[in-house]
Amino acid sequence: MTCPFEENPVELGARIVRGSLRRERVFRDRQNPFAFPDEYLYERYRFSTESMAYLCQLLDPYVASATRRSRALTVPQTICIALRYFATGTYLYAVGDAENLSKNTVCNAIHKVARALTDMLDGFVVFPGHLPTQSVKEGFFPVIGFPRVISAIDCTHIPISARLGENEADYVNRKSFHSLNVQMTCDHNCMVTSIDAKWPGSVHDSRIFRESTLCHRLEQGLFSGVLVGDRGYACQPFLMTPYPDPDAGHTWPQTRFNVALSRTRVRIEMTFGILKARFTCLRGLRVAPDRASRIVAACVVLHNVATIRRERAPPVDQHSPDVVDPITLDYPTGRAVREAITDQFFA
């Protein structure tokens with residue numbers, strides 16, 4: 001036993017054991033956000049060290065400060081701030097507290113990165129995909145045997161909460177909350193191949209598609225293949241939708257067609273799930289509609305970058321798809337193509 005009057009009445013052996021078990025302290029460079037393991041970076045920013053280095057190289061010409069005056073943020077710091085907001089969707093002051101920065105600095109960094117990524121949209125979001133059209137068709141066909149598919153299409157609502165002024169009613173959707181109705185298409189790898197993120201929540205999916213650049217290009221016959229969509233769209237020669245009520249005499253072929261189309265179209269639902277799980281900010285944006293559109297586009301670019309670089313996908317919460325009012329009036333030419341596909345592949 002040691003003397004009770006000593007300053008540290010702990011036996012020498014105990015001090016030796018305690019010292020041997022103590023972890024060595026590792027001092028990391030606070031100016032270098034990448035000085036952490038991949039698990040740490042992925043949890044906070046949704047990207048690994050290599051992918052974040054790639055993003056820095058990609059965005060450097062757009063977000064780099066002209067000087068280091070007033071301790072201006074470095075490119076890695078700016079990108080990490082934006083990625084943390086995209087990944088968490090938390091309040092700006094919370095992101096600022098985590099990064100030891102002011103709310104205004106965080107806001108400027110987020111929108112600087114969002115603008116830069118939006119400017120790159122045409123380079124990373126390409127219809128019908130970065131692969132040849134035939135490769136996209138061959139990627140969709142093994143899902144369940146639906147032929148000629150080059151993309152799956154649907155819309156998803158992105159909640160927004162901001163002062164909307166006199167146009168507030170336009171943003172109230174059928175579930176009675178304010179949102180943007182965002183149209184996207186995807187390929188078989190769940191990469192986004194087109195996006196239209198400017199419409200208020202009250203606008204129907206069919207109108208968004210009808211007035212989109214994608215629809216006009218398809219009407220001009222610029223692509224060989226068909227899209228698959230739900231009953232929120234009218235059946236057209238380039239857009240297949242389910243049979244509303246299979247005929248009694250042809251129930252089996254038409255039912256098989258509907259099942260195959262639904263199983264193929266689920267790729268767009270999977271894309272929405274991965275996108276919103278990877279970037280939680282899309283579950284509710286507290287910004288004006290124009291800024292919300294830019295953030296959605298930026299997250300889509302980041303999603304495609306993550307898919308190309310094979311970043312791991314986050315766990316996806318199972319949720320029911322958005323419900324839309326069905327379109328009952330189909331185009332005769334669309335019905336004819338649907339019948340031909342049914343007779344050839346599902347009869």
Side-chain angles (χ1 to χ4, degrees), residues 124-156 182-196 205-206 208-209 212-215 217-243 253-276 278 300 303-310 313 316 318 321-322 324 330-331 333-347:
F124 286 94
V125 180
V126 180
F127 187 87
H130 293 276
L131 298 174
T133 302
Q134 185 60 33
S135 298
V136 177
K137 294 178 182 178
E138 293 173 356
F140 272 112
F141 188 78
V143 174
I144 197 172
F146 202 101
R148 301 176 52 204
V149 178
I150 58 174
S151 205
I153 185 171
D154 202 359
C155 289
T156 185
V182 180
Q183 174 185 283
M184 294 187 202
T185 59
C186 74
D187 65 8
H188 57 287
N189 292 322
C190 294
M191 280 189 61
V192 178
T193 55
S194 72
I195 177 174
D196 196 340
D205 296 3
S206 61
I208 297 176
F209 176 69
S212 67
T213 302
L214 174 62
C215 180
R217 295 171 70 191
L218 289 165
E219 288 175 341
Q220 295 170 11
L222 299 181
F223 305 103
S224 172
V226 297
L227 280 66
V228 288
D230 58 17
R231 288 300 303 166
Y233 302 96
C235 185
Q236 302 185 53
F238 46 79
L239 173 56
M240 293 293 99
T241 61
Y243 286 95
Q254 293 185 1
T255 300
R256 289 182 63 190
F257 176 95
N258 283 2
V259 170
L261 185 144
S262 178
R263 291 276 297 275
T264 306
R265 195 193 67 82
V266 79
R267 293 288 172 170
I268 188 63
E269 300 293 346
M270 293 170 58
T271 302
F272 290 153
I274 295 172
L275 182 65
K276 292 182 179 181
R278 178 171 274 146
V300 165
H303 167 78
N304 281 2
V305 170
T307 304
I308 293 171
R309 298 186 63 84
R310 300 185 183 279
V316 178
Q318 297 294 329
D322 296 326
V324 297
D330 294 328
Y331 290 80
T333 51
R335 291 199 299 266
V337 173
R338 184 168 60 190
E339 290 290 346
I341 292 176
T342 303
D343 294 340
Q344 183 176 357
F345 293 91
F346 301 104

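For the single chain, residues carry numbers from 1 onward in sequence order.
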_Side chains of Thr213 and Phe127 in contact at under 4.5 Å (non-hydrogen atoms)_ = no
*Sub-4.5 Å side-chain heavy-atom contact between Val143 and Val149*: no
*Closest non-hydrogen atom pair between Pro147 and Val226, with its separation*: O-CG2, 4.1 Å
*Distance-only, no hydrogens or angles: does the His303 side chain make a donor-acceptor pair with backbone N or O of Thr271 under 3.5 Å?*
no
*Would you call Phe209 and Leu218 a side-chain contact if the rule is heavy atoms closer than 4.5 Å?*
yes
*When you look at Ile153 and Ile268, which way does the side-chain contact (heavy atoms from CB on, under 4.5 Å) test go after all the steps?*
CA-CA 6 Å; Ile153 185 171; Ile268 188 63; over 6 Å; no
_Side chains of Thr133 and Lys137, heavy atoms from C-beta outward: is any pair under 4.5 Å?_
yes
*asked:* Can you confirm whether Phe346 sits close enough to Thr255 that some side-chain heavy atom of one is under 4.5 Å from a side-chain heavy atom of the other?
replied: no
_A quick test of your reading: do over 12 heavy atoms of other residues, nucleotides or ligands sit less than 6.0 Å from CZ of Arg263?_
no
_So which atom in Arg265 and which in Val228 form the shortest heavy-atom distance, rounded to 0.1 Å?_
CG-O, 3.7 Å
*Asp196: salt bridge (charged side-chain N to carboxylate O under 4.0 Å, His left out) partners, not counting sequence neighbours*: Lys198
*Return the set of residues passing side chain to side chain donor-acceptor pair (under 3.5 Å) with Ser135 (not counting sequence neighbours), or none when no residue passes.*
none
*For the residue pair Arg278 and Thr307, establish whether any side-chain heavy-atom pair is separated by less than 4.5 Å.*
yes
*Rounded distance (nearest 0.5 Å) linking atom CD of Glu269 with atom CG of Asp230*: 7.5 Å
*Counting N and O atoms only, with roles assigned by atom type, does the side chain of His130 sit under 3.5 Å from a partner on the main chain of Thr193, one being a donor and the other an acceptor?*
no
*So, for Thr185 and Ser194, which heavy atoms are closest and what is the spacing to 0.1 Å?*
OG1-OG, 2.6 Å
_Test log, rule side-chain contact (heavy atoms from CB on, under 4.5 Å), inputs Phe257 and Ile341_ = CA-CA 8 Å; Phe257 176 95; Ile341 292 176; 4.0 Å; yes
*Identify the heavy atoms of Phe146 and Thr264 that sit nearest to each other, and give their distance.*
CB-OG1, 3.5 Å
Which atom pairs, one a donor and one an acceptor, fall under 3.5 Å between side chains of residues 232-243 and the rest of the protein, sequence neighbours left out?
residue	atom	partner	partner atom	Å
Thr241	OG1	Arg231	NH1	3.4
Tyr243	OH	Thr342	OG1	2.8

*Going through the checks in order, is the side-chain contact (heavy atoms from CB on, under 4.5 Å) test met by Arg338 and Leu261?*
CA-CA 11 Å; Arg338 184 168 60 190; Leu261 185 144; over 6 Å; no
*Quick one: does Arg267's side chain have a donor or acceptor within less than 3.5 Å of a partner on His188's backbone?*
yes
